[in-house]
S.K.: 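For reference, the structure I am asking about is given below.
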Amino acid sequence: QVQLVESGGGLVQAGGSLIVSCAASGRTLSIYAMGWFRQAPGMEREFVAAVKWSGGLTYYTDSVAGRFTISRDNAKNTVYLQMNSLKPDDTAVYYCATRWKFCSGSACGDASTYDYWGQGTQVTVSS
């Protein structure tokens, strides 16, 4: 059992920056990777970024590569998503999720393979 709580969302102007956080509790020692996903109104949930818990390897979807940075602090059981050069198209509810099973490369972006999800935090980017 893992509990995830996101925080840090809000309203930001286009071109600005924002950091969202996800704190994990429970069986955190079993975590293999943590990921960030987002869902805009009327749209499908999409992968944003993932980080492996032990080695820190990261993966990004093409639309955010170079603008977003995912990181984790194992001692704090927390994962972060630093978002720079934000665009209105980045507006969505951002969710963090925990994966227990092994994954490699882009396979870590498959939402169906993640085990636990947070409630989400709203990020709104104005023009």
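Excluded from the calculations below are hydrogen atoms, water molecules and symmetry mates; all remaining heavy atoms, backbone and side chain alike, are included. As the structure is a computational prediction, the values presented were derived from the model and not from experiment.
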S.K.: Closest heavy-atom contact between Y114 and G35?
M.R.: CE2-N, 3.7 Å
S.K.: Examine R72 relative to Y80 and say whether NZ or CZ is less than 6.0 Å from the centre of the six-membered ring and inside a 45° cone about the ring axis.
M.R.: no
S.K.: Is the centre of the F47 ring less than 6.0 Å from the centre of the F37 ring?
M.R.: yes
S.K.: Would you say F68 and V48 make side-chain contact, with heavy atoms under 4.5 Å?
M.R.: yes
S.K.: Inspect the contact between R99 and D110 and indicate whether a charged nitrogen and a carboxylate oxygen are less than 4.0 angstrom apart.
M.R.: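 No, D110 and R99 are not salt-bridged.
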S.K.: Check whether any side-chain N or O of E6 sits under 3.5 Å from a backbone N or O of Q119 as a donor-acceptor pair, and report yes or no.
M.R.: yes
S.K.: Check whether more than 12 heavy atoms from other residues, nucleotides or ligands sit under 6.0 Å from atom CD of Q13, and answer yes or no.
M.R.: no
S.K.: Are the side chains of V123 and D90 in touch, meaning some heavy atoms are under 4.5 Å apart?
M.R.: no
S.K.: Go through the side-chain N and O atoms of D73 and T78 and say whether any donor and acceptor fall under 3.5 Å apart.
M.R.: no
S.K.: Looking only at non-hydrogen atoms, find the nearest pair between W36 and S21 and report the distance.
M.R.: CH2-O, 3.7 Å
S.K.: Any side-chain heavy atom of S17 sitting closer than 4.5 Å to one from L86?
M.R.: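 Side chain of S17 against side chain of L86, heavy atoms only: no contact under 4.5 Å found.
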S.K.: Determine whether a donor-acceptor pair (N or O, by modelled atom type, separation under 3.5 Å) exists between the side chain of T91 and the backbone of T124.
M.R.: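 The answer is no, because no donor-acceptor pair under 3.5 Å joins these two groups.
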S.K.: Go through the steps for Y32 and K101 under the test side-chain hydrogen bond (donor to acceptor under 3.5 Å, both in side chains), then give the verdict.
M.R.: CA-CA 6 Å; Y32 179 80; K101 302 295 184 181; over 6 Å; no
S.K.: Flag the pair L81 / I19 as yes when at least one side-chain heavy-atom distance between them is below 4.5 Å, and no otherwise.
M.R.: no
S.K.: Under 3.5 Å, side chain of T28 to main-chain N/O of S25, donor-acceptor pair present?
M.R.: no
S.K.: Check T113 against A107 and note the closest heavy-atom contact, atom names and distance.
M.R.: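 That closest heavy-atom pairing would be OG1-O, 4.4 Å.
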S.K.: Would you say D115 and T98 make side-chain contact, with heavy atoms under 4.5 Å?
M.R.: no
S.K.: Is L4 close to M34 at the side-chain level, that is, under 4.5 Å between some pair of heavy atoms?
M.R.: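 Side-chain contact under 4.5 Å: yes.
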S.K.: So W100 and Y116, would you call those rings parallel, tilted or perpendicular, with 30° and 60° as cut-offs?
M.R.: tilted
S.K.: According to a 4.5 Å side-chain heavy-atom criterion applied to Ile, Leu, Val, Met, Phe, Trp and Tyr, with indirect links allowed, do V12 and V20 form part of one hydrophobic cluster?
M.R.: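 Yes, same cluster.
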S.K.: Is a side-chain N or O of R45 found less than 3.5 angstrom from the main chain of R38, in a donor-acceptor match?
M.R.: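 Side chain of R45 to backbone of R38, a donor-acceptor pair under 3.5 Å: no, none is there.
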S.K.: Which atoms form the tightest heavy-atom contact between G105 and Y59, and what is the distance?
M.R.: CA-CE2, 3.3 Å
S.K.: Under 4.5 Å between any side-chain heavy atoms of L18 and Y94, yes or no?
M.R.: no
S.K.: Less than 4.5 Å apart, side chain to side chain, heavy atoms only: is that true for V93 and T121?
M.R.: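 SC-SC contact between V93 and T121 ruled out.
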S.K.: Taking all non-hydrogen atoms of both residues into account, name the closest pair between A14 and P88 and its distance.
M.R.: CB-CD, 4.1 Å
